[in-house]
K.L.:
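Submitted below is the structure of interest, expressed as structure tokens.
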Amino acid sequence: MCAWFQEGFNLFQVDRRHLHSGRVLGKVGFDDCMARKRFKFGSSDRHFHVEQDGTLMVIQNLPVLRFLNFSKRRKRAWIIPPLNILENDRGPYPKLVAQIRSDKDKWSRMEYKIMSYGANGLFIIDRNTGQLYVTKPLDRERKSQYMLDVHANFASMVNAQAESTMAVIVNVLDMNDNKPVFTQDPFVAEVAEASAKDFVVITINATDLDDPQTYNAEVRGAIRVNRQGLDREKYPRYTLEVEAADMRGEGLTARGRVILTVTDSNDNAPAFEMAQYEASVPENKVGALVVKMSVTDRDELNSPAWNAKFQIVAGDKNGQFAVETGTGKQEGIITTVKGLDYETTKTYTLLVTVENEIPFAIRLPTATATVVVSVEDLNEAPVFSPTIQVVKRKEDLAVASEIVRYTATDPDTERSQIVSYKIMKDPARWLSVNPDTGLIKVKKGMDRESQYVQDSKYTALIMAYDDDVSPATGTGTLEIELEDVNDNIPSINERIIKVCNTESAPQLLSVTDADGPDFAAPYTVSLMGRSKNNWTATMDDTGTGIILTLIRALPMGDYNVVLRVADNHGLEQDNIVMATVCECTGNEVTCKVGIREGGIGLPGLLVRSGAVLLLLLLALLLLIFIRRRGGEQNEPLPPNEDIRENIYYNDEEGGGEDHQARSRYWLN
């Protein structure tokens, strides 16, 4: 075995004023063949101590403690500077630590004694010489300080106090006799795989029972990333053995473990399984599946660094495609969001990128894939232009008149197909369409006042279809705004009334006209025939109501009142109002038994029916007579006006008799 002290490193020159306990004088140089740095040293002088690393320090100097004289006014004992004793001193014991002296020992023999608190015999004093001893090694970690009271008495007298009590404090100096102890074992921590160099992963804590004010208890530790490049996918976990040492790393040591789990960072870019995909999609289909693109990622499964996110970055300027991430988070699904048009674009080339839900932790390339989409041609339906054709026509437009040419075009420009037309919906059956040209005509007279017309608009659906094996059909809407003509006669709504024959109250009759406002109110009214002798009729302020008043007392019975009503363009019609006259006065109409309320009694009804039949029979005989004369004499019939004047029966206002308003019969 080879070992030696280094020359020139073992001579220390120190001022004697610095030779107090705890003073570090230097470091002893020592080597061996094994390059160790810690050794067990010994010292021949008990006042000095050498640590395992070669540190030389003063541990004991023999102090002389003297009693001092004080003024009588001072009551307390004098506290001298404390004594310092190094713990774990190897002795021999008892070991002299101090000399207690009284200046009065010059003229009288003294006796010394001590009182200790909690020392349990650790300290003794020679009663004659005053030498203070420690009886065994001290342990600072058990007790770091002792309090002693020293008494000096005259030996020649019993309990004769020579000096005031001296208080002595004994400090136990620390030796590095305790190893560090980890606060836990093992320590557990996580470190991101993308952590930078010198990143502090965890601070390791250890305790040391030695004096915390000295290097004996100074323990530090932290785990840092030594260099960048952790890879969770290769080494997901590290178990480190760490050593804690006091004395700034040169003292006593302890060992423990640190378990580090490498957490995932987004340090792997997702990659497409294929660089190019091809797909075909039928035209005009929205939501059609184009393609599913699978990717792989080496990061932690189902983490944000593993979940894929796709984007179409080129080839879709009109926004006709969409890409979403599948439920498995490793698949991109492209669908159509608009119908594709084969005649416009037959092929699309899309560029798709894939990234993760969180940004890359380090600089990585972004993976791309190309998707070539072919559009499949389908037989498309003809398209009307415009989809809603609006025209204005008069409601009395003649049958066979043209309304509009309403046509459609076939989007399949690369196919030679013929477009034909037919009526798909025509509620009133007023229209016809030419199957080859799309020309729409009037098939039957139109009527703005028809139940099939809403807000003066009549709506029909026209179908266009091609001649493909499986024909495609399209529809267009024809909306005809019917312009009103004066083809409806105003009419009185109330045809039966009851009045008193004395002081009769006026009756308000309402008038309606199916035509629009241009051919309706204000109306005019006039009484016809003998009705004007017994009644008055005027329009109210609105021009839509007739005020009918009985002006002469009539016998009780039923009467026909003939009112001629005309619209604002003079189109007129005679209206018959049946008035029941009762024997009463004023507004309260009370009719006697025998008069049917609101109508005609049974005898009157029978008389009226017979009169009507008789009138029809006379008209028929007259017509036969005229035709026979015309055939025999070859004379023309008189004009229509003469016929109308000569052929009518007017029998008005008879109490209980049959009354007939003026009627007009046209002869053909």
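Source: prediction; values computed, not measured.
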K.L.:
Kindly confirm or rule out an SG-SG distance below 2.5 Å between Cys584 and Cys500.
P.N.:
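Yes - the two cysteines, Cys584 and Cys500, have SG atoms within less than 2.5 Å of each other.
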K.L.:
I'd like to know if the side chain of Glu283 reaches the main chain of Tyr342, judged simply by a donor and an acceptor atom lying under 3.5 Å from each other, with no hydrogens or angles considered.
P.N.:
yes
K.L.:
Could you report the tightest heavy-atom contact between Ala269 and Pro365, atom names first, then the distance?
P.N.:
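That closest heavy-atom pairing would be CB-O, 3.5 Å.
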K.L.:
Any donor and acceptor pair, going by atom type alone, linking the side chain of Glu324 with main-chain N or O of Ile334 inside 3.5 Å?
P.N.:
no
K.L.:
Given the rule in the side-chain contact (heavy atoms from CB on, under 4.5 Å) test, do Leu340 and Gln320 qualify, once you have shown the distances and angles that lead to the verdict?
P.N.:
CA-CA 7 Å; Leu340 307 180; Gln320 294 173 292; 3.9 Å; yes
K.L.:
For a quick test of reading the model, state the closest non-hydrogen atom pair linking Val337 to Gly319 and the distance between them.
P.N.:
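So the minimum-distance heavy-atom pair works out to CG2-O, 3.0 Å.
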K.L.:
Please check: side-chain N/O of Thr325 versus main-chain N/O of Ala308, any donor-acceptor pairing under 3.5 Å?
P.N.:
yes
K.L.:
Determine yes or no for a side-chain-to-main-chain donor-acceptor pair under 3.5 angstrom, with Ser420 supplying the side chain and Asp436 the backbone.
P.N.:
no
K.L.:
Just checking Met539: does its CE atom have more than 12 heavy atoms from other residues, nucleotides or ligands closer to it than 6.0 angstrom?
P.N.:
yes
K.L.:
Determine, step by step, whether Thr542 and Asp540 satisfy the side-chain hydrogen bond (donor to acceptor under 3.5 Å, both in side chains) criterion, reporting the C-alpha distance in whole Å, the side-chain angles of both residues, the deciding distance to 0.1 Å, and the verdict.
P.N.:
CA-CA 6 Å; Thr542 65; Asp540 65 2; 2.8 Å; yes
K.L.:
Donor-acceptor pair, distance only, cut-off 3.5 Å: does the side chain of Gln573 make one with the backbone of Pro490?
P.N.:
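Answer holds: yes.
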K.L.:
Using a 6.0 Å cut-off, check whether atom NZ of Lys346 has over 12 heavy atoms from anything other than its own residue.
P.N.:
yes
K.L.:
Show the numbers, then the answer: is there a side-chain contact (heavy atoms from CB on, under 4.5 Å) between Leu563 and Ile492?
P.N.:
CA-CA 9 Å; Leu563 299 168; Ile492 297 175; 3.5 Å; yes
K.L.:
Give the intermediate values and the outcome of side-chain contact (heavy atoms from CB on, under 4.5 Å) for residues Ile489 and Glu572.
P.N.:
CA-CA 6 Å; Ile489 303 172; Glu572 60 184 25; 5.8 Å; no
K.L.:
Ile576 and Val562: which non-hydrogen atoms are nearest, and at how many Å?
P.N.:
CG1-CG2, 4.4 Å
K.L.:
Could you tell me whether the side chain of Ser450 and the main chain of Tyr452 form a donor-acceptor pair under 3.5 Å?
P.N.:
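Side chain of Ser450 to backbone of Tyr452: a pair is present.
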K.L.:
Is it the case that the side chains of Ser280 and Glu376 hold a donor-acceptor pair, with the cut-off being a distance below 3.5 Å and no angle test?
P.N.:
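Yes, because at least one side-chain N or O of Glu376 sits under 3.5 Å from a partner of the opposite role on Ser280.
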K.L.:
How long is the gap from OG on Ser294 to CD1 on Ile333, to the nearest 0.5 Å?
P.N.:
9.5 Å
K.L.:
To check you understand the geometry: which heavy-atom pair defines the closest contact between Leu431 and Ala460, and what is its length?
P.N.:
CD1-CB, 3.7 Å
K.L.:
Is the CD atom of Gln276 crowded by more than 12 outside heavy atoms at less than 6.0 Å?
P.N.:
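Above 12, so yes.
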K.L.:
Between the side chains of Gln330 and Asp297, does any donor sit under 3.5 Å from an acceptor?
P.N.:
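Their side chains do not contain a donor-acceptor pair, so the 3.5 Å distance test is not met.
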K.L.:
Distance-only, no hydrogens or angles: does the Asp426 side chain make a donor-acceptor pair with backbone N or O of Trp430 under 3.5 Å?
P.N.:
yes
K.L.:
If I compare all heavy atoms of Thr407 with all of Phe384, which pair ends up nearest, and what's the gap?
P.N.:
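Thr407 and Phe384 have their closest heavy atoms at O-CD2, 3.4 Å.
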K.L.:
Working to the nearest 0.5 Å, report the span between OG of Ser491 and OH of Tyr523.
P.N.:
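So the OG of Ser491 and the OH of Tyr523 are separated by 10.0 Å.
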K.L.:
Can you confirm whether more than 12 heavy atoms, excluding those of Asp541, are under 6.0 Å from its CG atom?
P.N.:
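Open.
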K.L.:
State, without any angle test, whether Arg495 and Asn575 hold a side-chain donor-acceptor pair at a distance under 3.5 Å.
P.N.:
yes
K.L.:
Side chains of Asn587 and Glu503: is there a donor and an acceptor less than 3.5 Å apart?
P.N.:
no
K.L.:
Can you confirm whether Lys285 is buried at NZ, in the sense that more than 12 heavy atoms of other residues, nucleotides or ligands lie under 6.0 Å from that atom?
P.N.:
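Atom NZ in Lys285 is not crowded, with 12 or fewer foreign heavy atoms closer than 6.0 Å.
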K.L.:
Looking at Ala472 and Pro382, what are the two nearest heavy atoms and their distance?
P.N.:
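Residues Ala472 and Pro382, closest heavy atoms: O-CD, 3.3 Å.
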K.L.:
Would you say the side-chain atoms of Ser401 pair up with the backbone N or O of Val442, donor to acceptor, closer than 3.5 Å?
P.N.:
no
K.L.:
Which distance, rounded to the nearest 0.5 Å, do you find between the CD of Gln389 and the CD1 of Ile440?
P.N.:
8.0 Å
K.L.:
Under a plain distance cut-off of 3.5 Å, with no hydrogens placed, do Asp410 and Gln417 share a side-chain donor-acceptor pair?
P.N.:
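Indeed, the side chains of Gln417 and Asp410 share at least one donor-acceptor pair under 3.5 Å.
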K.L.:
Quick one about Ser510 and Glu494 (side-chain donor to acceptor, distance below 3.5 Å, no hydrogens or angles considered), yes or no?
P.N.:
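Short answer, yes.
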K.L.:
Is the distance from the ring center of Tyr348 to that of Phe321 below 6.0 Å?
P.N.:
yes
K.L.:
Considering residues, nucleotides and ligands other than Leu617, do more than 12 of their heavy atoms fall under 6.0 Å from its CG?
P.N.:
yes
K.L.:
Would you please say whether a donor-acceptor pair under 3.5 Å links the side chains of Asn356 and Asn307?
P.N.:
no
K.L.:
Go through the steps for Thr477 and Thr459 under the test side-chain contact (heavy atoms from CB on, under 4.5 Å), then give the verdict.
P.N.:
CA-CA 7 Å; Thr477 301; Thr459 303; 3.7 Å; yes
K.L.:
Hey, does the side chain of Glu357 reach the backbone of Ala305 with a donor-acceptor pair shorter than 3.5 angstrom?
P.N.:
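Checking the backbone N and O of Ala305 against the side chain of Glu357, no donor-acceptor pair under 3.5 Å is found.
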K.L.:
Asp447 and Tyr458: side-chain donor and acceptor closer than 3.5 Å?
P.N.:
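No, because no side-chain N or O of Asp447 sits under 3.5 Å from a partner of the opposite role on Tyr458.
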K.L.:
For the side chain to side chain contact (heavy atoms under 4.5 Å, CB included) test, which of Lys394, Met446, Lys392 pairs with Leu482?
P.N.:
Met446
K.L.:
Return yes if some donor-acceptor pair links the side-chain N/O of Asn266 with the main-chain N/O of Ile358 below 3.5 Å, else return no.
P.N.:
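Between the backbone of Ile358 and the side chain of Asn266 there is a qualifying donor-acceptor contact (under 3.5 Å).
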K.L.:
For Glu583, which of Asn501, Thr502, Thr590 qualifies under side-chain hydrogen bond (donor to acceptor under 3.5 Å, both in side chains)?
P.N.:
Asn501
K.L.:
So if I apply the side-chain hydrogen bond (donor to acceptor under 3.5 Å, both in side chains) rule between Asn486 and each of Asp518, Asn568, Asp567, Asp513, which one comes out positive?
P.N.:
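Of all the options given, the one that passes is Asp567.
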